[in-house]
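Position 1 is the first residue of the sequence; numbering continues from there.
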Amino acid sequence: MGPTRLRYTMIGFIVGVVVVYLKALPISEGVRFATPFYGAGIGLLIDGIILRVKQRKGKNDG
């Protein structure tokens with residue numbers, strides 16, 4: 001796993017952990033406790049999108 005991939009994954013996980021501790025949100029406990037893993041997955045998706053955009057820019061420049 002590259003450093004940017006790990007960075008976005010950890011940012012998503014940390015945001016998910018923060019959501020776990022926000023008890024005022026109107027979501028069920030199961031979804032609340034799963035949000036760190038959802039956040040990590042979303043972080044990986046965002047990193048994949050950024051990588052594709054960078055690769056396309058590189059192809060257009062060359």
Identify every side-chain donor-acceptor pair in residues 27-40 under 3.5 Å, counting partners at least two apart or on other chains, and give the distances.
residue, atom, partner, partner atom, Å
R32, NH2, I27, O, 3.2
T35, OG1, G16, O, 3.1
T35, OG1, R32, O, 2.6

- Item | Worked verdict on D47 versus T9 for side-chain contact (heavy atoms from CB on, under 4.5 Å) | CA-CA 8 Å; D47 182 59; T9 305; over 6 Å; no
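A search for side chain to side chain contact (heavy atoms under 4.5 Å, CB included) contacts involving I50 returns Y8, I46, K54, not counting sequence neighbours.
Follow the hydrophobic side-chain contacts under 4.5 Å out from Y21 and you reach F13 in the same cluster.
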